[in-house]
Number of protein chains: 2
Amino acid sequence: MASIEEEIKQQKKFDNEHQKAAVNLMFTSNWLYNSNASRLKKHDITPEQFNVLRILRGSYPKPLMLGEITCRMLDKSSNATRLVEKLRQKGYVEREQCETNRRQVDIVITEKGLSLLTKIDNEAEEWNNSIKTITKAEAQELNRILDKLRR
Amino acid sequence: MASIEEEIKQQKKFDNEHQKAAVNLMFTSNWLYNSNASRLKKHDITPEQFNVLRILRGSYPKPLMLGEITCRMLDKSSNATRLVEKLRQKGYVEREQCETNRRQVDIVITEKGLSLLTKIDNEAEEWNNSIKTITKAEAQELNRILDKLRR
DNA sequence: ACGAAATAGTTGTATACACAACTATTGCAG
DNA sequence: CTGCAATAGTTGTGTATACAACTATTTCGT
(Lines give C-alpha, C1' and ligand atoms only; values in the text may rest on other atoms or scores of the structure.)
Protein backbone atom coordinates (compact mmCIF):
# COMPACT_ATOMS: atom_id res chain seq x y z
CA MET A 1 0.00 0.00 0.00
CA ALA A 2 1.30 3.44 -0.90
CA SER A 3 0.38 6.47 1.14
CA ILE A 4 0.40 9.81 -0.59
CA GLU A 5 3.67 10.71 1.18
CA GLU A 6 5.34 7.67 -0.34
CA GLU A 7 3.88 8.29 -3.79
CA ILE A 8 5.43 11.72 -4.09
CA LYS A 9 8.48 10.88 -1.94
CA GLN A 10 7.70 13.70 0.42
CA GLN A 11 10.70 14.64 2.50
CA LYS A 12 8.88 16.67 5.14
CA LYS A 13 5.55 16.11 6.82
CA PHE A 14 2.64 18.03 5.39
CA ASP A 15 1.75 21.19 7.30
CA ASN A 16 -1.69 19.82 8.07
CA GLU A 17 -4.32 17.32 7.09
CA HIS A 18 -6.08 19.77 4.77
CA GLN A 19 -2.98 20.46 2.69
CA LYS A 20 -2.36 16.77 2.47
CA ALA A 21 -5.93 16.13 1.34
CA ALA A 22 -5.62 18.72 -1.43
CA VAL A 23 -2.45 17.11 -2.77
CA ASN A 24 -3.87 13.63 -2.34
CA LEU A 25 -6.99 14.63 -4.23
CA MET A 26 -5.10 15.94 -7.23
CA PHE A 27 -2.68 13.03 -7.23
CA THR A 28 -5.46 10.44 -7.08
CA SER A 29 -7.41 12.26 -9.76
CA ASN A 30 -4.39 12.12 -12.08
CA TRP A 31 -4.00 8.44 -11.29
CA LEU A 32 -7.62 7.77 -12.15
CA TYR A 33 -7.47 9.90 -15.29
CA ASN A 34 -4.41 8.05 -16.54
CA SER A 35 -6.02 4.69 -15.87
CA ASN A 36 -9.04 5.83 -17.86
CA ALA A 37 -6.90 7.23 -20.68
CA SER A 38 -5.05 3.97 -21.07
CA ARG A 39 -8.18 1.84 -21.44
CA LEU A 40 -9.59 4.28 -24.03
CA LYS A 41 -6.37 4.44 -25.98
CA LYS A 42 -6.99 1.20 -27.87
CA HIS A 43 -10.10 2.84 -29.32
CA ASP A 44 -8.07 5.86 -30.40
CA ILE A 45 -10.11 8.23 -28.29
CA THR A 46 -9.18 10.51 -25.38
CA PRO A 47 -11.04 10.81 -22.04
CA GLU A 48 -12.23 14.28 -23.04
CA GLN A 49 -13.62 13.07 -26.37
CA PHE A 50 -15.19 10.08 -24.60
CA ASN A 51 -16.84 12.41 -22.11
CA VAL A 52 -18.34 14.52 -24.90
CA LEU A 53 -19.69 11.39 -26.60
CA ARG A 54 -21.36 10.24 -23.38
CA ILE A 55 -22.93 13.66 -22.94
CA LEU A 56 -24.34 13.43 -26.47
CA ARG A 57 -25.64 9.91 -25.85
CA GLY A 58 -27.40 11.25 -22.76
CA SER A 59 -29.40 13.59 -24.95
CA TYR A 60 -29.80 11.30 -28.00
CA PRO A 61 -31.69 11.53 -30.29
CA LYS A 62 -32.07 15.20 -29.39
CA PRO A 63 -29.03 17.25 -30.55
CA LEU A 64 -27.17 19.58 -28.22
CA MET A 65 -25.74 22.95 -29.07
CA LEU A 66 -22.07 23.55 -28.31
CA GLY A 67 -22.78 25.67 -25.24
CA GLU A 68 -24.84 22.90 -23.66
CA ILE A 69 -22.01 20.44 -24.18
CA THR A 70 -19.57 22.84 -22.57
CA CYS A 71 -21.60 23.33 -19.43
CA ARG A 72 -21.93 19.57 -18.93
CA MET A 73 -18.24 18.91 -19.32
CA LEU A 74 -15.97 18.09 -16.39
CA ASP A 75 -13.58 20.82 -17.41
CA LYS A 76 -15.65 23.85 -18.39
CA SER A 77 -12.87 25.81 -19.96
CA SER A 78 -12.03 23.14 -22.45
CA ASN A 79 -12.85 24.01 -26.01
CA ALA A 80 -15.91 22.16 -27.24
CA THR A 81 -15.50 23.47 -30.81
CA ARG A 82 -12.19 21.71 -31.26
CA LEU A 83 -13.13 18.53 -29.40
CA VAL A 84 -16.27 18.15 -31.47
CA GLU A 85 -14.30 18.72 -34.65
CA LYS A 86 -11.99 15.83 -33.74
CA LEU A 87 -15.01 13.60 -33.15
CA ARG A 88 -16.58 14.71 -36.42
CA GLN A 89 -13.45 13.80 -38.36
CA LYS A 90 -13.67 10.31 -36.87
CA GLY A 91 -17.34 10.04 -37.83
CA TYR A 92 -18.70 9.84 -34.28
CA VAL A 93 -20.79 13.04 -34.39
CA GLU A 94 -22.49 15.30 -36.90
CA ARG A 95 -22.72 19.09 -36.81
CA GLU A 96 -25.47 21.18 -38.31
CA GLN A 97 -26.30 24.84 -38.17
CA CYS A 98 -29.54 25.39 -36.26
CA GLU A 99 -32.29 26.67 -38.54
CA THR A 100 -34.17 28.78 -36.03
CA ASN A 101 -31.07 30.47 -34.65
CA ARG A 102 -28.20 30.62 -37.06
CA ARG A 103 -25.70 31.39 -34.32
CA GLN A 104 -26.17 27.93 -32.89
CA VAL A 105 -24.54 24.71 -34.03
CA ASP A 106 -26.40 21.51 -33.19
CA ILE A 107 -24.38 18.39 -32.50
CA VAL A 108 -25.73 14.85 -32.57
CA ILE A 109 -24.02 11.53 -31.98
CA THR A 110 -23.99 9.13 -34.96
CA GLU A 111 -24.73 5.40 -35.08
CA LYS A 112 -21.01 4.83 -35.27
CA GLY A 113 -20.54 6.89 -32.12
CA LEU A 114 -23.25 5.00 -30.28
CA SER A 115 -21.79 1.64 -31.20
CA LEU A 116 -18.32 2.73 -30.06
CA LEU A 117 -19.77 3.62 -26.65
CA THR A 118 -21.54 0.27 -26.46
CA LYS A 119 -18.31 -1.55 -27.25
CA ILE A 120 -16.44 0.39 -24.57
CA ASP A 121 -19.22 -0.22 -22.02
CA ASN A 122 -18.97 -3.95 -22.64
CA GLU A 123 -15.30 -4.11 -21.79
CA ALA A 124 -15.47 -1.78 -18.81
CA GLU A 125 -15.07 -4.60 -16.29
CA GLU A 126 -11.39 -3.97 -15.63
CA TRP A 127 -11.84 -0.23 -15.27
CA ASN A 128 -14.74 -0.68 -12.88
CA ASN A 129 -12.65 -2.92 -10.67
CA SER A 130 -9.95 -0.30 -10.36
CA ILE A 131 -12.22 1.82 -8.19
CA LYS A 132 -13.83 -1.06 -6.33
CA THR A 133 -11.00 -1.27 -3.82
CA ILE A 134 -13.21 0.96 -1.70
CA THR A 135 -16.59 -0.16 -0.38
CA LYS A 136 -19.92 1.33 -1.41
CA ALA A 137 -20.14 3.06 1.97
CA GLU A 138 -16.70 4.58 1.44
CA ALA A 139 -17.71 5.77 -2.02
CA GLN A 140 -20.75 7.46 -0.50
CA GLU A 141 -18.64 9.08 2.19
CA LEU A 142 -16.17 10.22 -0.47
CA ASN A 143 -18.97 11.81 -2.48
CA ARG A 144 -20.31 13.57 0.59
CA ILE A 145 -16.92 15.00 1.55
CA LEU A 146 -16.08 16.12 -2.01
CA ASP A 147 -19.43 17.89 -2.41
CA LYS A 148 -18.83 19.64 0.91
CA LEU A 149 -15.28 20.59 -0.07
CA ARG A 150 -16.47 22.53 -3.10
CA ARG A 151 -18.89 24.71 -1.17
CA MET B 1 -24.71 23.66 -2.14
CA ALA B 2 -24.02 21.96 -5.46
CA SER B 3 -23.97 18.19 -5.71
CA ILE B 4 -21.86 16.66 -8.43
CA GLU B 5 -25.01 15.87 -10.41
CA GLU B 6 -25.95 19.53 -10.44
CA GLU B 7 -22.42 20.66 -11.31
CA ILE B 8 -22.34 18.66 -14.51
CA LYS B 9 -26.08 18.91 -15.15
CA GLN B 10 -26.40 15.16 -15.24
CA GLN B 11 -29.63 14.09 -16.92
CA LYS B 12 -29.64 10.49 -15.72
CA LYS B 13 -28.69 8.98 -12.41
CA PHE B 14 -25.21 7.53 -12.14
CA ASP B 15 -25.02 3.76 -12.53
CA ASN B 16 -23.63 3.41 -9.04
CA GLU B 17 -21.86 5.15 -6.20
CA HIS B 18 -18.41 4.13 -7.46
CA GLN B 19 -18.89 5.68 -10.90
CA LYS B 20 -20.19 8.81 -9.26
CA ALA B 21 -17.18 8.95 -6.93
CA ALA B 22 -14.77 8.66 -9.87
CA VAL B 23 -16.44 11.57 -11.69
CA ASN B 24 -16.74 13.58 -8.50
CA LEU B 25 -13.06 13.05 -7.78
CA MET B 26 -11.93 14.32 -11.15
CA PHE B 27 -14.37 17.22 -11.11
CA THR B 28 -13.31 18.32 -7.63
CA SER B 29 -9.65 17.96 -8.53
CA ASN B 30 -10.16 20.26 -11.52
CA TRP B 31 -11.98 22.72 -9.31
CA LEU B 32 -9.12 22.73 -6.81
CA TYR B 33 -6.51 22.97 -9.55
CA ASN B 34 -8.24 25.97 -11.12
CA SER B 35 -8.53 27.68 -7.78
CA ASN B 36 -4.82 27.16 -7.25
CA ALA B 37 -3.95 28.30 -10.76
CA SER B 38 -5.84 31.53 -10.33
CA ARG B 39 -4.06 32.52 -7.12
CA LEU B 40 -0.67 31.78 -8.71
CA LYS B 41 -1.45 33.65 -11.87
CA LYS B 42 -0.65 37.08 -10.43
CA HIS B 43 2.90 35.82 -9.89
CA ASP B 44 3.10 34.66 -13.49
CA ILE B 45 3.69 31.07 -12.52
CA THR B 46 1.70 27.88 -13.18
CA PRO B 47 0.76 25.22 -10.60
CA GLU B 48 3.21 22.80 -12.22
CA GLN B 49 6.08 25.29 -12.05
CA PHE B 50 5.10 26.14 -8.46
CA ASN B 51 5.17 22.46 -7.55
CA VAL B 52 8.68 22.06 -8.98
CA LEU B 53 9.87 25.09 -7.02
CA ARG B 54 8.50 23.67 -3.77
CA ILE B 55 10.20 20.35 -4.46
CA LEU B 56 13.48 22.20 -4.93
CA ARG B 57 12.96 24.20 -1.74
CA GLY B 58 12.42 20.92 0.08
CA SER B 59 15.91 19.84 -0.88
CA TYR B 60 17.61 23.26 -0.64
CA PRO B 61 20.53 23.90 -0.51
CA LYS B 62 21.22 20.46 -1.95
CA PRO B 63 20.51 20.36 -5.71
CA LEU B 64 18.28 17.72 -7.29
CA MET B 65 18.84 15.99 -10.57
CA LEU B 66 16.02 16.09 -13.10
CA GLY B 67 14.97 12.49 -12.46
CA GLU B 68 14.53 13.14 -8.75
CA ILE B 69 12.29 16.11 -9.53
CA THR B 70 10.20 13.98 -11.88
CA CYS B 71 9.56 11.23 -9.36
CA ARG B 72 8.41 13.75 -6.74
CA MET B 73 6.01 15.48 -9.10
CA LEU B 74 2.25 15.02 -8.91
CA ASP B 75 2.10 14.17 -12.57
CA LYS B 76 5.02 11.84 -13.31
CA SER B 77 4.77 11.96 -17.05
CA SER B 78 5.16 15.68 -17.18
CA ASN B 79 8.37 16.83 -18.73
CA ALA B 80 10.76 18.17 -16.10
CA THR B 81 13.27 19.33 -18.73
CA ARG B 82 10.84 21.82 -20.21
CA LEU B 83 9.35 22.95 -16.89
CA VAL B 84 12.78 23.61 -15.43
CA GLU B 85 13.79 25.52 -18.53
CA LYS B 86 10.81 27.86 -18.06
CA LEU B 87 11.81 28.43 -14.43
CA ARG B 88 15.41 29.03 -15.44
CA GLN B 89 14.38 31.70 -17.94
CA LYS B 90 12.55 33.49 -15.13
CA GLY B 91 15.60 33.25 -12.88
CA TYR B 92 14.02 31.01 -10.23
CA VAL B 93 16.40 28.04 -10.68
CA GLU B 94 19.89 27.28 -11.93
CA ARG B 95 21.02 24.24 -13.91
CA GLU B 96 24.49 22.77 -13.89
CA GLN B 97 25.94 19.63 -15.37
CA CYS B 98 26.97 17.26 -12.58
CA GLU B 99 30.75 16.84 -12.43
CA THR B 100 30.86 13.27 -11.19
CA ASN B 101 28.26 11.99 -13.66
CA ARG B 102 28.03 14.01 -16.81
CA ARG B 103 24.69 12.50 -17.76
CA GLN B 104 23.08 14.24 -14.82
CA VAL B 105 21.90 17.82 -14.62
CA ASP B 106 21.70 19.31 -11.13
CA ILE B 107 19.01 21.87 -10.44
CA VAL B 108 18.98 24.26 -7.50
CA ILE B 109 16.51 26.96 -6.51
CA THR B 110 17.86 30.52 -6.48
CA GLU B 111 17.40 33.28 -3.88
CA LYS B 112 14.86 34.81 -6.22
CA GLY B 113 12.97 31.51 -6.30
CA LEU B 114 13.02 31.19 -2.53
CA SER B 115 11.73 34.70 -2.01
CA LEU B 116 8.92 34.13 -4.50
CA LEU B 117 7.80 31.08 -2.51
CA THR B 118 7.94 33.07 0.72
CA LYS B 119 5.80 35.79 -0.80
CA ILE B 120 3.23 33.24 -2.01
CA ASP B 121 3.20 31.50 1.38
CA ASN B 122 2.42 34.77 3.09
CA GLU B 123 -0.70 35.37 1.04
CA ALA B 124 -1.94 31.78 1.15
CA GLU B 125 -4.70 32.55 3.63
CA GLU B 126 -7.47 32.68 1.05
CA TRP B 127 -6.37 29.50 -0.66
CA ASN B 128 -6.16 27.63 2.62
CA ASN B 129 -9.69 28.62 3.50
CA SER B 130 -10.99 27.18 0.26
CA ILE B 131 -10.36 23.67 1.53
CA LYS B 132 -11.35 24.34 5.13
CA THR B 133 -15.02 23.82 4.42
CA ILE B 134 -14.38 20.27 5.57
CA THR B 135 -13.31 19.41 9.11
CA LYS B 136 -9.96 17.95 10.07
CA ALA B 137 -11.63 14.60 10.70
CA GLU B 138 -13.17 14.71 7.22
CA ALA B 139 -9.79 15.55 5.71
CA GLN B 140 -8.30 12.52 7.46
CA GLU B 141 -11.11 10.29 6.25
CA LEU B 142 -10.67 11.67 2.73
CA ASN B 143 -6.96 10.84 2.84
CA ARG B 144 -7.66 7.34 4.08
CA ILE B 145 -10.21 6.62 1.35
CA LEU B 146 -8.03 8.08 -1.43
CA ASP B 147 -5.00 6.02 -0.36
CA LYS B 148 -7.19 2.92 -0.32
CA LEU B 149 -8.65 3.75 -3.73
CA ARG B 150 -5.24 3.69 -5.39
CA ARG B 151 -4.31 0.24 -4.15
C1' DA C 1 39.38 -3.70 -22.77
C1' DC C 2 35.15 -4.12 -25.52
C1' DG C 3 30.44 -3.98 -26.62
C1' DA C 4 25.72 -4.48 -24.93
C1' DA C 5 22.55 -2.80 -21.64
C1' DA C 6 21.15 0.55 -18.45
C1' DT C 7 20.74 5.28 -17.13
C1' DA C 8 19.91 10.47 -17.70
C1' DG C 9 18.18 13.67 -20.23
C1' DT C 10 16.40 15.99 -24.76
C1' DT C 11 13.38 16.65 -28.51
C1' DG C 12 9.37 16.03 -31.83
C1' DT C 13 4.47 15.53 -32.51
C1' DA C 14 -0.29 15.19 -31.06
C1' DT C 15 -3.75 16.39 -27.69
C1' DA C 16 -5.89 19.41 -24.49
C1' DC C 17 -6.49 23.53 -21.35
C1' DA C 18 -6.35 28.94 -20.37
C1' DC C 19 -7.35 33.08 -21.84
C1' DA C 20 -8.41 36.58 -24.84
C1' DA C 21 -9.67 38.59 -29.20
C1' DC C 22 -12.50 37.96 -32.90
C1' DT C 23 -16.88 37.18 -36.26
C1' DA C 24 -21.68 36.52 -36.90
C1' DT C 25 -26.31 36.74 -35.40
C1' DT C 26 -30.05 38.09 -32.54
C1' DG C 27 -32.65 40.97 -29.27
C1' DC C 28 -34.00 45.16 -27.49
C1' DA C 29 -34.13 50.27 -26.02
C1' DG C 30 -35.14 54.49 -27.72
C1' DC D 1 -35.97 51.45 -37.71
C1' DT D 2 -31.28 51.97 -35.92
C1' DG D 3 -27.58 50.85 -33.35
C1' DC D 4 -25.80 48.88 -29.11
C1' DA D 5 -25.57 45.00 -26.10
C1' DA D 6 -25.96 40.16 -25.51
C1' DT D 7 -25.35 35.60 -27.26
C1' DA D 8 -23.04 31.60 -29.86
C1' DG D 9 -19.29 30.07 -31.61
C1' DT D 10 -14.33 30.30 -33.71
C1' DT D 11 -9.53 31.08 -33.71
C1' DG D 12 -4.73 32.35 -32.09
C1' DT D 13 -1.08 31.92 -28.66
C1' DG D 14 1.07 30.00 -24.67
C1' DT D 15 1.40 26.20 -21.41
C1' DA D 16 1.35 21.48 -20.18
C1' DT D 17 0.68 16.34 -20.78
C1' DA D 18 1.37 11.64 -23.49
C1' DC D 19 4.20 8.95 -25.82
C1' DA D 20 7.98 7.66 -28.37
C1' DA D 21 12.40 8.21 -30.62
C1' DC D 22 16.71 9.99 -29.94
C1' DT D 23 21.76 11.32 -27.98
C1' DA D 24 25.20 10.96 -24.53
C1' DT D 25 27.30 8.70 -20.76
C1' DT D 26 28.15 5.09 -17.55
C1' DT D 27 28.15 0.32 -15.95
C1' DC D 28 28.92 -4.34 -16.24
C1' DG D 29 29.76 -9.13 -18.07
C1' DT D 30 33.07 -11.68 -20.37
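Computed from heavy atoms alone, side chains included, the values below leave out hydrogens, waters and symmetry copies.
No side-chain donor from either of B:T133 and A:R151 sits under 3.5 Å from a side-chain acceptor of the other. At a cut-off of 3.5 Å, with distance as the only test, no side-chain donor of A:Y92 or A:E111 sits close to an acceptor on the other residue. Side-chain contact annotation: A:E123 with A:H43, donor-acceptor N/O pair under 3.5 Å present. Using a 3.5 Å distance cut-off with no hydrogens or angles, the side chains of B:N24 and A:R144 do not pair a donor with an acceptor. B:Q140 and A:K20 are not linked by any side-chain donor-acceptor pair at a separation below 3.5 angstrom, with hydrogens and angles left out of the test.
One finds no salt bridge joining A:R88 and A:E94 here, because no Lys/Arg side-chain nitrogen approaches an Asp/Glu carboxylate oxygen to under 4.0 Å.
Atom CG of B:L64 and atom C1' of C:dG9 are 15 Å apart (whole Å). For A:Q104 and D:dT10, the CD to C1' distance is 15 Å, given to the nearest whole Å. The interatomic distance linking B:E68 (CD) with C:dA8 (C1') rounds to 12 Å, in whole Å. Protein atom CG of B:L40 is 12 Å distant from nucleotide atom P of C:dC19, rounded to whole Å.
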Exercise for review: Assign a letter to each nucleotide of nucleotides 11-17 of chain D from its 5' end: B, base within under 4.0 Å of a protein heavy atom; S, sugar-phosphate only; -, no contact.
Suggested key: BBB-SSS
Measure all distances between protein nitrogen or oxygen atoms and nitrogen or oxygen atoms of nucleotides 22-29 of chain D, and list the pairs falling under 3.5 Å.
residue, atom, partner, partner atom, Å
D:dT25, O2, B:R103, NH1, 3.2
D:dT26, OP1, B:R102, N, 3.1

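Between B:A37 and A:I45, the residue anchored closer to the 5' end of DNA chain C is A:I45, taking for each the nucleotide with the nearest heavy atom.
At a threshold of 4.5 Å between side-chain heavy atoms, the hydrophobic network of Ile, Leu, Val, Met, Phe, Trp and Tyr places A:L83 and A:M65 in two separate groups.
Proximity of A:R95 to the phosphate of D:dT10: a side-chain N or O atom is located under 4.0 Å from OP1 or OP2.
With rounding to the nearest 0.5 Å, the separation of CG in A:D106 from CG in A:L64 is 8.5 Å.
The nucleotide whose nearest atom lies closest to any side-chain atom of A:M65 is, among D:dA8, D:dT10, C:dT10, D:dA8.
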